Amino acid sequence: MTSPDGSDTFYGGIPVFRGFASLMDPKLYSPLPEDWSIGIADVVESTKAIAQARYKAVNMAGASVIAAVTNALEGREYPFVFGGDGASFAVSPDDLERAREALAATATWVEESLNLVLRVALVPVSAVRAQGRDVRVARFGPSPNLSYAMFSGGGLNWAEAAMKRGEFAVPKAPSGTQPDLTGLSCRFEEIPAARGLILSVLVVPAQGADAPAFRTVIEDVIALVERSPDAGRPVPPGGPELRWPPSGNEYEARAIRGGSLLRRRAFVLANTLFAYVVMRFGITVGGFVPKTYVQQVVANSDFRKYDDGLRMVLDCTPELESALTQRLAAAASAGVARYGLYRQDAAMMTCFTPSALRSDHVHFIDGARGGYASAATALKAMAA
């Protein structure tokens, strides 16, 4: 049951903060209601898939979780975060079964359409708190159009570890079940580095780390990045390159419900050709203005976030990479933080645009040669 304090409207009531540099302020975070649940999903053996250059498929699997749950909840706001090779979110008890069905269907679709294994779980917040962890959530607004969630408290990390132990698992749906992935696409081309390199950054607290000391590390890292051009945003002001046919058209075809795959491929080719012409020549169609849409794409890109650890995909100079490495190495030596960095030559974008006429479409950014998953591998190697 929804708690009497109105947990069904809990997330929408959290004020949106705008300055990313303030993300470690504990006053921005509100504890999730006790009767909520955390959804966790990740691609099994994503490192192996990345070694096979299946970066786009891995990202599509992670983003499909958010698309499926959002559509199942009929567009209602809920907290979520994209993790590259997976996703995390939280739902109220009223939305729990819809989320469960969406997760089950997405796991089946990822296996049958992307040839990947997606592990999924739903963990009660009460189970997290029974282990002495918490789940607190804030709302960050990267632009006036959009906000997305930040998580703290250590609960997401504990829930992910529990899922990997086989606890709280959501069984896959029957073969052939397909979630509603309306709005999920990856039409833009890779985004080459403009300042030297694309750096995927992952920073988490060390075991038993002093919380104020860790906060200082994160604030120092953000301060270094904020001094760089456009705060290291990997998406250029004019948006990513758009070609036809797009390199991601096969994934988009597989995400569409109904009809043969051949028919869906033909539909996507025709639809993306129309969109390419509209965007290429700046043609206003109805209420859709290409220039405005591209501005929103740039502003709504989620290239930095916090979910029990700092995640960033930066277009940066070698000098900034060196400064970040020095600061993080010092934090690791002091037993305050663990980190993983991964260099690549480009970033990539996976888009969730339920309606191109709305301004709140969100664009998930990852490194184009391994990204967050490879940064996580580097982090694990540090702990070994």
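Model, not experiment: these values are computed from the prediction.
Centroid-to-centroid, the aromatic rings of Y293 and H361 come within less than 6.0 Å. Side-chain rings of F80 and F89 stay apart, their centers remaining 6.0 Å or farther from each other. Proximity of the aromatic rings of F140 and F17 is defined here by a centroid distance below 6.0 angstrom, and this criterion is met.
A side-chain donor-acceptor contact under 3.5 Å links Q178 to the backbone of R254.
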Practice item. Please report the C-alpha distance between S64 and W109 in whole Å, then the side-chain angles of each, then the deciding distance to 0.1 Å, and finally whether the side chain to side chain donor-acceptor pair (under 3.5 Å) criterion is met. Key: CA-CA 9 Å; S64 70; W109 177 80; over 6 Å; no
Check your understanding: Between D366 and N59, does a side chain to side chain donor-acceptor pair (under 3.5 Å) hold up when you go through it step by step?
Key -> CA-CA 8 Å; D366 200 2; N59 269 208; 3.0 Å; yes
Check your understanding: What do the steps show when you test E112 against S175 for side chain to side chain donor-acceptor pair (under 3.5 Å), and what is the final call?
Key -> CA-CA 8 Å; E112 296 180 349; S175 178; 2.6 Å; yes
Exercise for review: Begin from the C-alpha positions of D360 and V362 and carry the test side-chain contact (heavy atoms from CB on, under 4.5 Å) through to its verdict.
Suggested key: CA-CA 6 Å; D360 59 350; V362 61; over 6 Å; no
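Aromatic ring orientation, Y29 versus Y306: perpendicular (interplanar angle above 60°, classes split at 30° and 60°).
Within the 4.5 Å cutoff, the side chain of F303 has no heavy atoms near those of the V235 side chain. Looking only at side-chain heavy atoms (C-beta outward), M150 and V137 stay at 4.5 Å or farther from each other.
Clustering of Ile, Leu, Val, Met, Phe, Trp and Tyr by side-chain heavy atoms under 4.5 Å joins I256 with F267, V268. Through direct or relayed side-chain contacts under 4.5 Å between Ile, Leu, Val, Met, Phe, Trp and Tyr, L261 connects to no other residue.
A salt bridge between R264 and E252 is absent, with no side-chain N of the basic residue lying under 4.0 Å from a carboxylate O of the acidic one. A salt bridge links E97 and R100; the closest N-O separation between the charged side-chain nitrogens and carboxylate oxygens is under 4.0 Å.
In this structure, OG on S228 lies 7.0 Å from CG on L314, to the nearest 0.5 angstrom. How far CG of L310 is from CE of M24: 8.5 Å, rounded to the nearest 0.5 Å. Summarising the geometry, atom CG belonging to D302 is positioned 6.5 Å from atom CD1 belonging to I365; distances are rounded to the nearest 0.5 Å. Separating the CG atom in L156 from the CG atom in D134 is a distance of 11.0 Å, to the nearest 0.5 Å. Atom CH2 of W158 is separated from atom CD1 of I38 by 8.5 Å, given to the nearest 0.5 angstrom.
Heavy atoms from other residues, nucleotides or ligands lying under 6.0 Å from CZ of R280 number 12 at most. Atom NZ of K172 sits in a sparse spot, with 12 or fewer heavy atoms from other residues, nucleotides or ligands closer than 6.0 Å.
Hydrophobic clustering places F188 together with V277 (ILVMFWY residues linked when any side-chain heavy atoms are closer than 4.5 Å, directly or through intermediates). A continuous path of ILVMFWY side-chain contacts below 4.5 Å connects F281 to V297, so both sit in one hydrophobic cluster.
With no hydrogens or angles considered, no side-chain donor-acceptor pair links E160 and S88 at under 3.5 Å.
Across all their heavy atoms, G155 and V135 have their closest contact at CA-CG2, 3.8 Å.
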Would you be so kind as to tabulate the donor-acceptor pairs closer than 3.5 Å made by side chains of residues 66-76, with sequence neighbours excluded?
| unit_1 | atom_1 | unit_2 | atom_2 | d |
| --- | --- | --- | --- | --- |
| T70 | OG1 | I66 | O | 2.7 |
| T70 | OG1 | Y78 | OH | 2.9 |
| N71 | ND2 | A67 | O | 3.2 |
| N71 | ND2 | D180 | O | 2.8 |
| N71 | ND2 | T182 | O | 3.1 |
| R76 | NH1 | L73 | O | 3.1 |
| R76 | NH2 | D95 | OD1 | 2.5 |

Pairs of donor and acceptor atoms involving the side chains of residues 331-342, under 3.5 Å and at least two apart or interchain, shall be tabulated with distances.
| unit_1 | atom_1 | unit_2 | atom_2 | d |
| --- | --- | --- | --- | --- |
| S333 | OG | A329 | O | 3.0 |
| Y342 | OH | R369 | O | 3.4 |

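In terms of the side-chain hydrogen bond (donor to acceptor under 3.5 Å, both in side chains) criterion, residue partners of S301 (sequence neighbours excluded) are, by chain and number, R233. Residues passing the side-chain hydrogen bond (donor to acceptor under 3.5 Å, both in side chains) test with S152: none are found, sequence neighbours excluded.
Under the 6.0 Å distance and 45° angle rule, R304 counts as a cation-pi partner of F20. The cationic group of R139 lies under 6.0 Å from the six-membered ring centre of Y11 and within 45° of the ring axis, placing it in a cation-pi geometry.
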